[in-house]
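Being a predicted model, the structure only gives us computed values, none of them experimental. Scope of the values below: all heavy atoms of this structure, side chains included, with no hydrogens, waters or symmetry mates. Both counts, for ligands and for their atoms, begin at 1 and track the order of listing.
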Amino acid sequence: MGARTLHIKTFGCQMNVYDSARMADALAPLGFVSTERADDADVVILNTCHIRAKAAEKVYSELGRLRRLKAQKKDRGGRMILGVAGCVAQAEGEEILRRAPFVDLVVGPQAYHRLPRMIVDLDRSAVPAIDVDFPPESKFDHLPEFGAASGVGAFLTVQEGCDKFCSFCVVPYTRGAEYSRPAGDVLDEARRLVDAGARELTLLGQNVNNYHGARPRTFSPSRPGSAEWGLGRLIAELASIEGLERIRYTTSYPTDMNAELIAAHRDVAKLMPFVHLPAQSGSDKVLSAMNRRHDAAGYRRIAEAMRAARPDIAFSSDFIVGFPGEGEADFEDTLRLVRDVGFLQAYSFKYSPRPGTPAAAMADQVPERVKAARLMRLQELLGDQQMDFNRRCAGTVVGVLFERRGRRSGQILGRSPYSLPVHVEAGEDRIGTIAEVRVIRAYANSLRGRLEPGESNSVIPSATMESRAEARP
Ligand code: SAH
Ligand code: F3S
């Protein structure tokens, strides 16, 4: 059989981006090549998000559009296999086939290694395939090794699932129990990604800072230490991979920010000084109703400890406004926490009741217009903080890792240590390397810079630049 085409549309978080790439890897041996267009693809998969009601509803409107494409393809004598993967698939299962009977395949996040088998079966029969198991075997052991070329920045899942059960959140139900991949597997995958062109790795997990993976066999039994590695240890080891320039990780839970990881921010130059640390609220009453394991003072203490270890560290965060029972004074506490800690960037959401979660059944649901008004106030404050931070960058010199061509010709686009996009006039041969850049203009979401003198003629090996740009006393 010749090449068939596969189109995967990804919604939601970075882990879904990683998963979509792995699904494409898994289907490549069946002869599938990826295409940007759904129109006449042989297999179309929606990799979905269930976190808020709006995210889940998007899936059904997208399915309506695909239904027409599928019918058109049939009229032309072809067949389009239409699949739903991700957290909506996990949460709704058979319900998807009831609401959208033209769907052929429903597969949950823990069953992706079974996807090739499901497609082979579908080639032979028209009976819809559904797999929303939490299989005893780990998909990571059965998915093929990462195959394609990598971009400069790559994602690597090291941990998946969540046992925290925040009362508003569907993730523990859709992604399942916490699981950490063995450290040796992570190191192998990281080396492959770097060989394929990656210069920056973002380690992913729903509770990534609670990572505790089995130590690689090569490190035991003669070396001291426990049978498992925490994230700090893993990062220290990843940092020794030649060619890898930058390491990030997301998403962290405040009380899992342990001493070893905080020390890594002090000791590992490749670990970027920018951490996503969701607070959700600044009110102790609300945090307790959310079943969070930290109060506002605890969050402040953790942020301070990290700043002590790495003074130039910056934080991003997630906030929910209008959680059931949130009064005006509680919301003011959130604004105060934001002012006290100071965030470079943050995502904020109106509370969205999710079926099956404890908070959805709580009394004192907050009216929509109150949520909307609070969200506006919070976003205004967060926007001001972000603009202030960017303005303070103006005139300074930052290390920029170049990722790709810019939209304007002669321009390339990279990122600062704080992940801010930086536009610079420079040759494309710099893509994949780090250079020192003077920030000449700050915008709300990006910076514009100029290569520092001495940078303009030739490409300097990036490792040297990194240690110079990032060197601290
Ligand atoms: N640690 C997780 C967080 C998952 S959800 C991870 O990275 O995978 C991302 C953010 O969505 C949460 O931090 C929370 O702020 C928000 N969120 C989750 N459930 C929500 C709900 N029911 N309503 C509104 N926002 C929600
Ligand atoms: Fe969700 Fe809370 Fe876990 S936000 S992913 S239940 S830490």
Next item on the list: Check each atom of ligand 1 against the heavy atoms of R52 and keep those under 4.0 Å away; list them by number with element.
Entry: 11 (O), 16 (C), 17 (N), 23 (N), 24 (C), 25 (N), 26 (C)
Notebook entry, point to check: Do we get R52 above F349's six-membered ring, with its NZ or CZ under 6.0 Å from the centre and within 45° of the axis?
Noted result: yes
Margin query: Regarding C166, does it place an N, O or S atom less than 2.8 Å from atom 2 (Fe) of ligand 2?
Written below: yes
Notebook entry, point to check: Counting from 1, what ligand 1 atoms have a heavy atom of R354 closer than 4.0 Å?
Noted result: 22 (N)
Item checked: F11 six-ring centre to K58 NZ/CZ under 6.0 Å and within 45° of normal -> no
Check: Atoms of ligand 2 less than 4.0 Å from F168 heavy atoms?
Finding: 4 (S)
Next item on the list: Tell me whether the guanidinium CZ or amine NZ of R22 lies under 6.0 angstrom from the six-membered ring centre of Y112 and within 45° of its axis.
Entry: no
Next item on the list: May I ask you to identify, for P172, whether its side chain, its backbone, both or neither come under 4.0 Å of ligand 2 on a heavy-atom basis?
Entry: side chain
Note to self: Below a 4.0 angstrom heavy-atom separation, can you tell me which part of K350, side chain or backbone, both or neither, approaches ligand 1?
What the structure shows: backbone
Margin query: With a heavy-atom distance limit of 4.0 Å, tell me whether F349 approaches ligand 1 through its side chain, its backbone, both, or neither.
Written below: side chain
Check: Does D312 pair with R310 as a salt bridge, N-O distance under 4.0 Å?
Finding: yes
Item checked: Region of Q206 engaging ligand 1 - heavy atom pairs below 4.0 Å -> both
Checklist line | Pair Y173 and F165, ring centroids less than 6.0 Å apart | finding: yes
Check: Does ligand 2 have any atom that is closer than 4.0 Å to a heavy atom of R292?
Finding: yes
